[in-house]
Enquirer: 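Below you'll find the structure I mean.
Since we're looking at a predicted model, the values are computed, not measured. As the structure lists them, so they are numbered: ligands from 1, and atoms in each ligand from 1. Both backbone and side-chain heavy atoms feed into the values below; hydrogens, waters and symmetry mates do not.
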Amino acid sequence: MELKFDRLTKQFSNKISVDRMSVTLNTGVYGLLGANGAGKTTLMRMICGVLNPTSGEILLDGCSIETLGENYRKLIGYLPQDFGYYPDFTAKEFMYYVAALKGINKQTAKSKTKELLELVGLLDVANKKIRTFSGGMKQRLGIAQAVLNDPKILVLDEPTAGLDPKERIRFRNLISDFSKDKIVILSTHIVSDVDYIADTILMMKDGQIIINSPSEGVTNEIEKKVWKCVVSKNEVDMISTKYRVVNLQHDSNNNVVLRIVSDIKPNENAINVEPTLEDLFLYHFDDMVSQ
Ligand SMILES: Nc1ncnc2c1ncn2[C@@H]1O[C@H](COP(=O)(O)OP(=O)(O)OP(=O)(O)O)[C@@H](O)[C@H]1O
Ligand SMILES: [Mg+2]
């Protein structure tokens, strides 16, 4: 399976949210990272066919998704960023409701609902109203409804928003279960969420993909650019204005340990340390300081 964006563009009045994007996705889990307003949601809405491109197109195995129409939409599972829940529905009612919208017959809806609610750990609260659910429970219900139709392409817009660390781990395991032979695209600005589960990292900035790399080795480009150094308290301000300080820790000797992302060695005693995905993200997105 191949999903191809060909010079995909979306313009809203005077704002170009997705800008001539050409990328090809194959089966696997893609982590879409980007700062607020980078264009992630706009891209995902176009992938799901709820928003039409201004120009360019999306092709599934060489066919325009516009031509494929309903045959394409059948393959999609979508968890929107601003997913609306019906507080007075029970989890089960809500699943049946979504199944009806997706044209799934009653028998299948019933068995699928049971299977999925069990999988996301909500079977014992299937008859409880959604208004009584925690944020994490609602997100899990959101994921369950997105996969009701056994989608080949699963699009999850900020699926981990509002989840606590334990729920995050649970979510990662869920995605691994679902992702076999599928294209899964999930957006987030929480870097650690995709660090573990994504096969490929896509980094989006100003409507364009600036990084498209296998997760392994994605930090290679900043290999010798992450530094650790110990400075005295009164040096911190000066260094912070000059360099991109990504972490700051006070040590027991009244000194400060800085983690810095910089092309050049920031001070004499700085040593190179192993880069993380978070360092890479900040390297590209933290425009607060200039170098
Ligand atoms: N319907 C719309 N009308 C006008 N502008 C829009 C519309 N939808 C999005 N935009 C603009 O497009 C840009 C990209 O928005 P988008 O929601 O795709 O970003 P995002 O990466 O999902 O951000 P976030 O991380 O905050 O969810 C923003 O500047 C936004 O204001
Ligand atoms: Mg968004």
Enquirer: For ligand 1, note which part of Ser187 has a heavy atom under 4.0 Å away: side chain, backbone, both or neither.
Expert: neither
Enquirer: When you check the gap from the basic side-chain N to the acidic O, do Glu57 and Lys4 get nearer than 4.0 Å?
Expert: no
Enquirer: Under 3.5 Å between any N/O of Arg45 and any N/O of ligand 1: does that happen in this structure?
Expert: no
Enquirer: Can you spot which of Thr200, Leu202, Leu280 makes a side chain to side chain contact (heavy atoms under 4.5 Å, CB included) with Ile211?
Expert: Leu280
Enquirer: Tell me whether the NZ or CZ atom of Lys129 lies within the 45° cone about the ring axis of Phe89 and under 6.0 Å from its centre.
Expert: no
Enquirer: Taking atom OH of Tyr85 as the centre, report whether more than 12 heavy atoms of other residues, nucleotides or ligands fall under 6.0 Å from it.
Expert: yes
Enquirer: What residue and heavy atom of the protein are closest to atom 23 (O) of ligand 1, and at what distance?
Expert: Gly37 N, 2.8 Å
Enquirer: State whether the shortest distance between N or O atoms of Gly39 and N or O atoms of ligand 1 falls below 3.5 angstrom.
Expert: yes
Enquirer: Between ligand 1 and Phe12, is the shortest N or O to N or O distance under 3.5 Å?
Expert: no
Enquirer: Got the closest protein heavy atom to atom 17 (O) of ligand 1, with its distance?
Expert: Thr41 CB, 3.6 Å
Enquirer: Among protein heavy atoms, which sits nearest to atom 29 (O) of ligand 1, and what does the distance come to when rounded to 0.1 Å?
Expert: Lys15 CE, 3.2 Å
Enquirer: Any idea which protein heavy atom is nearest atom 16 (P) of ligand 1, and the distance to it?
Expert: Thr42 OG1, 3.6 Å
Enquirer: Side-chain donor-acceptor pair under 3.5 Å between Ser187 and Asp157, yes or no?
Expert: yes
Enquirer: Rounded to the nearest 10 degrees, what's the angle OG1 of Thr41 makes with OE1 of Gln81 at the Mg ion (ligand 2)? Could you check?
Expert: 80°
Enquirer: Is the positively charged end of Lys10 above the ring of Phe12, judged by distance under 6.0 angstrom from the centroid and angle within 45° of the axis?
Expert: yes
Enquirer: Donor-acceptor check, side chain of Arg259 to backbone of Val246, threshold 3.5 angstrom: yes or no?
Expert: no
